[in-house]
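For reference, the structure is listed below as structure tokens.
Every heavy atom of this structure was used, including side-chain atoms; hydrogens, water molecules and symmetry mates were not. Letters A, B, ... are given to chains in the order of the sequence lines, protein chains preceding strands, and every chain is numbered from 1.
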Amino acid sequence: MRDAGQLSADLLAWYDVNARVLPWRTSPEDRRAGIRPDPYRVWLSEVMLQQTTVAAVKDYFHRFTGRWPDVQALAAAPDAEVMAEWAGLGYYARARNLLACARAVAARGGQFPDSREGLLSLPGIGPYTAAAIAAIAWDEPATVVDGNVERVMARLFRIETPLPAAKPEMTARAADLTPQLRPGDHAQAVMDLGATICTPRSPACGICPWMGDCAARAAGVQAELPRRAPKAAKPVRQGRLWLARRTDGAWLVETRPDRGLLGGMPGFPGDGWDGAGGPEPLAANWQDIGEVRHTFTHFHLILRILLADVPQEAAPDRGAFLPRAAFRPASLPTVMRKAHDLAARAVPSP
DNA sequence: TAAGCGTGGGT
DNA sequence: TACCCAAGCTT
């Protein structure tokens, strides 16, 4: 295999031609002119991209930056508005940490820390995101290791050790490859390579700039790497969700606890499936209108949906009625939106 | 350290 | 269909 300098040079040449055009990236002309991207946009995109596909992030990124163009604007936003804008993207702790981080940065004058250590101390910024900001926004020779980099390193160096045990070795290999020249472009180039050529299945080795260097390719095992420890089967949980609709069209909604599943998000009162539920929120003529199936990261969920039309003076024990004009299904987490959609189809609104 | 934490698209 | 997995972080 050639040395690290040759590998990085070929990768950067490939990237100069094949870099993906993404909303949070600067244009090729700006890159050639040495213009760095806005750290706020780099940070926001990196947090959104944690365990989330580029396709899913794009619209959210546009809405967030359109509404909150800088970190001070985001820091000043009400919690509920940010959570509502994040609804549907998942991993809602990210949104809570995003706001906490924005407010910490705003409190220090709106400047993100320029060191990896400083970035790591902020909420929601871990080893990957700190390195990504340092490399992409500051052009520091930080080594980013995400799922793409793990896969590329596993194949290039034929690392047979399963993840996550192999992560330290992959990090070390990736660090060896990180150049002093254009480290930010290098970091993005490895990720683009993993996303577009060195893909999980059917990698396009024939057009890979590292084809001749790849140990897994030489051995014909590229499609089998990286190996992973077997995953535990998802259990099935069952429970109920109560959807109370007032005669004026208001829905009974409660804000979930900050910690735990769907933390900080609005939802319909439930029981028996999330450890945060309770008894039915009010006495009513509940009608079982069907079930909602939803899969979370670590369990399958089957929910019976109970719907009731209740009088204007109904006084719930849990949650509060959200007026029709203020109720937007798009501001609910997906499982709750599914339940609402079922109810809206089941019985015509008053 | 390992579990908890969402969702949507691809195969 | 069922499974994989995606620019991970927190506790």
Side-chain angles (χ1 to χ4, degrees), chain A residues 20 22-25 37 41-61 83 86-98 100-101 119-137 142-152 163-165 167-168 171 174 184 187-196 198-202 223 226-237 256-265 267 274-276 293-301 330 332-338:
Chain A
R20 287 178 292 173
L22 299 170
W24 42 88
R25 286 186 173 170
R41 294 166 65 87
V42 173
W43 162 72
L44 178 62
S45 66
E46 291 298 342
V47 173
M48 287 184 166
L49 286 162
Q50 290 167 5
Q51 296 288 285
T52 308
T53 58
V54 166
V57 164
K58 280 182 178 173
D59 286 349
Y60 284 86
F61 181 81
M83 300 309 287
W86 196 276
L89 197 55
Y91 285 142
Y92 298 100
R94 291 185 296 172
R96 300 192 302 277
N97 287 331
L98 188 82
C101 183
L119 291 163
L120 267 176
S121 71
L122 292 168
I125 297 183
Y128 164 77
T129 306
I133 296 171
I136 299 170
T143 301
V144 303
V145 184
D146 72 334
N148 290 305
V149 178
E150 289 173 354
R151 186 170 57 256
V152 171
L163 283 165
K167 175 116 180 181
T171 301
Q188 295 174 93
V190 182
M191 293 191 282
D192 273 21
L193 189 72
T196 63
C198 197
T199 51
R201 279 172 259 206
S202 306
R227 303 192 192 282
R228 297 180 191 276
K231 295 173 182 174
K234 289 181 168 69
V236 178
R237 292 190 202 169
R256 300 174 58 81
D258 267 348
R259 304 275 182 142
L261 192 71
L262 310 178
M265 295 298 288
D274 61 354
R293 290 175 180 254
H294 190 76
T295 298
F296 292 99
T297 306
H298 51 298
F299 65 95
H300 300 289
L301 178 63
L332 298 171
T334 298
V335 64
M336 298 292 172
R337 184 177 50 71
K338 286 182 182 177

A/F299 or A/T53, whichever maps to the more 5' nucleotide of DNA chain B: A/F299

Contact under 4.0 Å: A/R228 side-chain N or O vs C/dC3 OP1/OP2: no

Sugar-phosphate only, base, or nothing, as touched by A/W24 at under 4.0 Å among non-hydrogen atoms: base

Integer-rounded Å distance: B/dG8 C1' and A/F296 CZ: 14 Å

Distance, rounded to the nearest Å, where A/M336 contributes CE and B/dT7 contributes C1': 15 Å

Gap between atoms NZ and P, on A/K234 and B/dG4 respectively (whole Å): 12 Å

Nucleotide B/dA3, atom P - distance to NZ of A/K231 in whole Å: 13 Å

Residue whose closest nucleotide on DNA chain B lies nearer the 5' end, A/A55 versus A/G260: A/G260

Sugar-phosphate only, base, or nothing, as touched by A/R20 at under 4.0 Å among non-hydrogen atoms: base

Side-chain (A/R25) to main-chain (A/R20) donor-acceptor, under 3.5 angstrom: yes

Nearest-angstrom distance from the residue atom NE2 of A/H300 to P of C/dT1: 13 Å

Candidate nucleotides C/dA7, B/dG8, C/dC5, ranked by approach to the side chain of A/R25 - the nearest: C/dA7

Enclosure of A/R227 CZ (heavy-atom neighbours >12, cutoff 6.0 Å): yes

Spatial distance of atom OG1 (A/T199) from atom CZ (A/R151) [nearest 0.5 Å]: 7.0 Å

Table of protein N/O atoms under 3.5 Å from nucleotides 8-11 of chain C N/O atoms:
unit_1: C/dG8; atom_1: OP1; unit_2: A/G147; atom_2: N; d: 3.2
unit_1: C/dG8; atom_1: OP2; unit_2: A/Q51; atom_2: N; d: 2.8
unit_1: C/dG8; atom_1: OP2; unit_2: A/Q51; atom_2: NE2; d: 3.3
unit_1: C/dG8; atom_1: O5'; unit_2: A/Q51; atom_2: N; d: 3.4
unit_1: C/dC9; atom_1: OP1; unit_2: A/G126; atom_2: N; d: 2.8
unit_1: C/dC9; atom_1: OP1; unit_2: A/G126; atom_2: O; d: 3.3
unit_1: C/dC9; atom_1: OP1; unit_2: A/T129; atom_2: N; d: 3.0
unit_1: C/dC9; atom_1: OP1; unit_2: A/T129; atom_2: OG1; d: 2.8
unit_1: C/dC9; atom_1: OP2; unit_2: A/P127; atom_2: N; d: 3.4
unit_1: C/dC9; atom_1: OP2; unit_2: A/Y128; atom_2: N; d: 3.3
unit_1: C/dT10; atom_1: OP1; unit_2: A/G124; atom_2: N; d: 2.6

Touch class at under 4.0 angstrom, heavy-atom based, for A/L89 against every strand present: base

Donor-acceptor contact present, side-chain A/R41 to main-chain A/F61, <3.5 Å: no

Presence of A/R94 side-chain N/O under 4.0 Å of B/dG6 phosphate oxygens OP1/OP2: no

P gap between B/dG4 and C/dA7, integer Å: 24 Å

Side chain of A/M191 - closest among C/dC5, C/dA7, B/dG8: C/dA7

Under 3.5 Å donor-acceptor, A/R96 side chain and A/G263 backbone: yes

Phosphate OP1/OP2 of B/dT7: any A/H294 side-chain N/O under 4.0 Å: yes

Side chain A/S45, main chain A/V42, donor-acceptor under 3.5 Å: yes

A/T334 side-chain proximity, nearest of B/dT7, B/dG10, C/dA6: B/dT7

Heavy-atom donor-acceptor pair, A/T52 side chain to A/Q50 backbone, under 3.5 Å: yes

Whole-Å gap separating P (B/dG6) and CG (A/L332): 14 Å

A/F296 ring center near A/H294 ring center (under 6.0 Å): yes

Sidechain-backbone polar pair: A/R94 side chain, A/M48 backbone, donor-acceptor under 3.5 Å: yes

Selection from B/dG8, B/dT7, C/dA7 that lies nearest to any side-chain heavy atom of A/P333: B/dT7

d(CG, A/D192; C1', C/dA7) in whole Å: 10 Å

Sugar-phosphate only, base, or nothing, as touched by A/G88 at under 4.0 Å among non-hydrogen atoms: sugar-phosphate

Any A/H298 side-chain N or O less than 4.0 Å from OP1/OP2 of B/dG4: no

Distance below 4.0 Å between A/R293 side-chain N/O and C/dA2 OP1 or OP2: no

Atom-to-atom span, CZ of A/R201 to P of B/dG10 - whole angstrom: 12 Å

Sugar-phosphate, base or nothing in reach of A/I133, heavy atoms under 4.0 Å: nothing

